[in-house]
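Here the structure is laid out as structure tokens; the discussion comes afterwards.
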Amino acid sequence: MVERLKLFAQPQRLVILDILLRHGPLAVGELETRTGIGQPTLSQQLGTLRRAEIVVPRRESRTIFYSIASEDDMLRVRALIALLRGDEASLPVLEAVTARYGSRPRDVSRHEAEGGAQFASIRREETSRV
């Protein structure tokens with residue numbers, strides 16, 4: 001999990017993923033225009049995301065289009081960006097992630113049982129407004 005989070009710790013990668021979420025598959029040139037990231041850096045960041053299997057390339061003639069690899073990855077990226085933005089409109093996305101990944105029974109490792117790191121599900125709490 002830590003290695004996966006390190007991938008998202010790079011701001012340019014988050015920008016790339018956010019653009020792909022909003023616009024769908026894009027050619028490298030279009031990604032460069034929309035992100036403002038120069039071609040050498042963009043290629044490096046796309047390569048990192050490709051090796052991590054978060055994005056996938058598709059070639060059409062001489063043009064390479066990139067998209068987010070799977071629906072699960074789209075949901076994870078959408079949730080992460082929503083958390084970082086702190087937008088209340090993102091609550092349905094966070095609930096969807098919790099519904100998909102947070103309800104599975106799992107074994108508690110010895111490390112967790114001895115007080116290691118534990119992660120909680122995200123739940124929406126209704127609050128009354130005065």
Side-chain angles (χ1 to χ4, degrees):
M1 184 185 320
V2 171
E3 291 305 313
R4 195 72 155 176
L5 287 172
K6 284 180 185 178
L7 290 168
F8 298 117
Q10 213 289 340
Q12 292 168 329
R13 291 185 206 131
L14 284 175
V15 169
I16 292 166
L17 293 169
D18 187 36
I19 294 294
L20 290 174
L21 273 175
R22 289 191 278 143
H23 300 283
L26 292 173
V28 174
E30 184 68 19
L31 270 170
E32 182 178 4
T33 300
R34 289 181 185 266
T35 63
I37 301 169
Q39 196 279 326
T41 303
L42 181 63
S43 291
Q44 179 185 26
Q45 299 306 335
L46 284 169
T48 299
L49 292 168
R50 189 179 61 245
R51 285 186 296 278
E53 299 177 348
I54 295 171
V55 299
V56 291
R58 176 180 46 89
R59 181 179 289 277
E60 282 186 21
S61 187
R62 293 177 28 185
T63 305
I64 298 176
F65 291 84
Y66 281 90
S67 61
I68 296 179
S70 69
E71 290 295 322
D72 282 348
D73 285 320
M74 287 178 112
L75 188 58
R76 287 182 194 112
V77 170
R78 190 168 281 139
L80 177 62
I81 290 172
L83 278 170
L84 293 173
R85 285 191 176 133
D87 183 5
E88 280 191 36
S90 65
L91 289 175
V93 174
L94 300 175
E95 289 170 347
V97 170
T98 300
R100 183 171 281 177
Y101 303 106
S103 61
R104 293 183 188 153
R106 65 180 184 86
D107 295 329
V108 176
S109 70
R110 195 183 97 211
H111 178 71
E112 289 175 327
E114 293 173 354
Q118 297 179 12
F119 298 92
S121 296
I122 299 168
R123 294 191 182 141
R124 181 179 180 181
E125 292 184 27
E126 296 297 323
T127 58
S128 61
R129 303 206 180 227
V130 180

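What you see below is based on every heavy atom in this structure, not just the backbone, and it leaves out hydrogens, waters and symmetry mates.
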task: With the side chain counted from C-beta on, respond yes when R85 and D18 share a heavy-atom pair under 4.5 Å apart, and no when they do not.
output: yes
statement: Heavy-atom nearest pair, P11 first then A9, reads CD-O, 3.4 Å
message: Restricting to non-hydrogen atoms, name the atom on I81 and the atom on L14 that form the minimum distance, rounded to 0.1 Å.
response: CD1-O, 4.1 Å
message: Looking at A52, is its backbone amide N or carbonyl O close enough to the side chain of R4 to form a donor-acceptor pair, meaning the two atoms are under 3.5 Å apart?
response: yes
task: Search all heavy atoms of P57 against all heavy atoms of Y66 and return the closest pair with its distance.
output: CB-CE2, 3.7 Å
query: Do Q39 and S43 have side-chain N/O donor and acceptor atoms under 3.5 Å apart?
result: yes
- request: With side-chain contact (heavy atoms from CB on, under 4.5 Å) as the test, would you mind laying out the steps for L20 and V77 before giving the verdict?
  value: CA-CA 10 Å; L20 290 174; V77 170; over 6 Å; no
- request: Answer with yes or no whether the hydrophobic clustering places L21 together with L46; edges join I, L, V, M, F, W, Y residues whose side-chain heavy atoms lie under 4.5 Å apart.
  value: yes
- prompt: Any side-chain heavy atom of R22 sitting closer than 4.5 Å to one from I19?
  reply: yes
field: Candidates V55, D73, V56 - the one meeting side-chain contact (heavy atoms from CB on, under 4.5 Å) with S67
entry: V56
- line: Sorted by chain and number, sequence neighbours left out, side-chain hydrogen bond (donor to acceptor under 3.5 Å, both in side chains) with E3 holds for K6
task: Can you measure from CD1 (I54) to CZ (F8) and round to the nearest 0.5 angstrom?
output: 4.0 Å
- request: Might you work through the side-chain contact (heavy atoms from CB on, under 4.5 Å) test for Q45 and I37, ending with a clear yes or no?
  value: CA-CA 10 Å; Q45 299 306 335; I37 301 169; 5.6 Å; no
message: Assigning hydrophobic clusters by single linkage (Ile, Leu, Val, Met, Phe, Trp, Tyr; side-chain heavy-atom cutoff under 4.5 Å), is V28 placed with I68?
response: yes
query: In Å, rounded to the nearest 0.5 Å, how long is the span from OG1 of T35 to CZ of R13?
result: 13.5 Å
message: What's the separation between atom CD1 in I16 and atom CG in L49, rounded to the nearest 0.5 Å?
response: 6.0 Å
message: Tell me every residue that passes salt bridge (Lys or Arg N to Asp or Glu O under 4.0 Å) with R58, counting only those two or more places apart in sequence or in another chain.
response: E60
